[in-house]
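Some notes on the structure that comes next.
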Amino acid sequence: MKTQTRIALTFFLVTLTLMIVLGSGVYFFVIKYTFNDFYKRLETRAVLAARIRLENEPASATAFQEMRDRILEKLPQEEDYFFEITSGKDFQQESQSLKLPVSFFDEIARGKTSRYQKGQIFFSGILYRQDHRSFIVIVSAENYYYSHHLTNLRSIMGIAIVVVALLVLSVSIWFSRYVFLPVRQITNQVKDINSQNLHLRLQASSVHDDVNELKNTFNTMLDRLETSFATQNNFISNASHELGTPLTAIIGEADVALAKTRSHEEYRETIGIILNEAERLERITKSLLFLAQTGFDGKKVKMEIVRVDQLVWDVKETIEKMNPKNKVNIDLSLMPDNHLKLKIKGNSQLLHLAISNIVSNGCKYSSHQPVKLSIGSTDDSVIVVVQDTGIGIPPSEMAYIYDPFYRASNTHNFEGYGIGLPLARNIMRQHRATIVVTSAVNEGTTVRLTFPLENIGQH
Amino acid sequence: MRKTILIPTDFTITPLLLLKHVAATSAVELDVIFLYCTSLPDSITDLLFYSPKKIIEAAVTTAFSEGCAVIQNKYPEKIQSIRFELFHARSVDAFQIMAEMNGIDEAILAHTPAASRKQSFDPAPIIRKSAVPFREVDLESHAYAPERDLLTELFVSAV
């Protein structure tokens, strides 16, 4: 069922239930009131009838008779009954003749007024005392209001409920359509957007409401989609270029070498170049493979407890071994003495790879100026900061630094493939760590890595 | 022996560096009070629902409190406590009363004037005039760059 229909139906049912409850309430209380009123009228008539019939003074009885004839109209099927109460009487006979329960008579004999309804005929009885004699006076009549007026009320209510129900139904359908109009518009607009025209956006108005928020959310999502599409396209072209360059070199060298017979040294030189290029190709494919593996979330990485200070010293050793010109200074001025504050959960090889990628970038782009590595920890995280004094990243290119194969415009003099930082970012993501890069052109780049602290208790 | 020190804060890098410097050089245990100086709110509703706790909560940035945590973790036995206090008045007397109530032994100031933030003011002139002992620390000249990451800055700036 569509949400629109469901809302319309809910609205309709709720209103209908309310209407029915209201109608039945009104009907119930009207009935109660009418019955009460009619019984009271019957009681008055019973008193009057007893006065006329049982009054000792004839003059008074005639006056009552006259009053009744003049003022009170006769009710339909009005009947009066008089029974004298003598001791030991049990009203069996009377109750059978009038088809009334004995309790009805007993209640009157005890001095109360009694009421009874038999179909449309209503009975009301009172006790009347006259000169030490007691009488039961019963008046019965057809309740005209019950048989006619209430039927009328019932039909009015029935018709009213049906009419209102129809009205509510149409209103609720209109209402639900009205409410879902913006949603339908969004659906229609989004339907028009596909991979061919990702530049299209939903038209958001300046009103600040939920629908607009939804539109804006869609638009930002489309922004991201568009960027990732572009990144993917860039990735393929960049990857082909990066892989193509060494291949072209290899093919060219081989071609030239094969063109004619060469000396032994020339062959050696050619093969040396080919080997170099092939090694470069291997490095690229290896790092690509790593990137793909780390970028894939479904793959479980073996996590263990790693001490960050140990990791950082290992990285320093590796970096300085890689190129003796590299220099890494470790700043311990903020490192906590408590080793519990330095333990994180992670895969040490991957973390080593990530940090050494960042540090070696720092060495490379600062032409082997010293790179500072600092450690510190808050109550729930460990922070590693890598600072270099290199060429920096232009602010306009900060957005692309995590794109594979992307290389900033000022890196032409440095060798690289643009895989290190995306790889580090993927590894950080796997470790639920964050990476923040701040940079100023020609001043240096600072990378802050924040790892969640592993809570291993006080042991 | 314990000492209560006061550091005026504008939630930039400067008070963090002051804290780091003090903690590194202090020989005694420290209770640190960061004093946030700001004018009283102007609007009547703000005054009606005035709550120092909320004002401080709104002002303390995550980066700043993380920075505090880093320094506290570095000197856990030196820094016994860190808390924030709000100060509205711009008079020496009021400052002295506040200092007395909080039992402040020393105020730490930076040579460089604090960068002014909206609604907050630099209490350094008041502190210099007051009877509270103060110490001025010469931080390395430090360009205030708001777009930079505060935490990163803490690690990068050496004192």
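Small disclaimer: the values here were computed from a predicted structure and weren't measured. Proteins get letters first, then strands, A, B, ... in listed order; numbering begins at 1 in each.
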Check: Within a radius of less than 6.0 Å around CD of B/Glu29, do more than 12 heavy atoms belonging to other residues, nucleotides or ligands occur?
Finding: yes

Next item on the list: State whether the number of non-hydrogen atoms from other residues, nucleotides or ligands found under 6.0 Å of A/Met221 atom CE is greater than 12.
Entry: yes

Check: Is chain B contacted by the side chain of A/Asp379, its backbone, both, or neither, given a heavy-atom distance below 4.5 Å?
Finding: both

Check: Between A/Leu334, A/Thr450, A/Val385, A/Ile383, which shows the greatest number of heavy-atom pairs under 4.5 Å with chain B?
Finding: A/Leu334

Check: What residue, out of A/Ile375, A/Asp331, A/Val382, A/Val447, has the most heavy-atom pairs lying under 4.5 Å from chain B?
Finding: A/Ile375

Notebook entry, point to check: Judged by atom type as modelled, is there a donor-acceptor pair below 3.5 Å linking the side chain of B/Lys74 to the main-chain atoms of A/Met335?
Noted result: yes

Note to self: Within the supplied structure, the quantity of interest is the number of heavy atoms (other residues, nucleotides, ligands) at a distance under 6.0 Å from A/Arg432 CZ; does it exceed 12?
What the structure shows: no

Next item on the list: Against chain B, work out which of A/Gly376, A/Ser439, A/Ala440 has the most heavy-atom pairs shorter than 4.5 Å and name it.
Entry: A/Gly376

Checklist line | A/Tyr402 OH: over 12 foreign heavy atoms closer than 6.0 Å | finding: yes

Notebook entry, point to check: Around atom NZ of A/Lys345, are there more than 12 heavy atoms of other residues, nucleotides or ligands at under 6.0 Å?
Noted result: no

Checklist line | Interatomic spacing from CG in A/Asn338 to CD in B/Glu77 - rounded to 0.5 Å | finding: 10.5 Å

Item checked: Crowding at CG, A/Asp209 (>12 non-hydrogen neighbours, <6.0 Å) -> yes

Notebook entry, point to check: Any side-chain heavy atom of A/Ser333 sitting closer than 4.5 Å to one from B/Lys20?
Noted result: yes

Margin query: Minimum heavy-atom separation for A/Ser377 and B/Asn73, please, with both atom names.
Written below: O-ND2, 2.6 Å

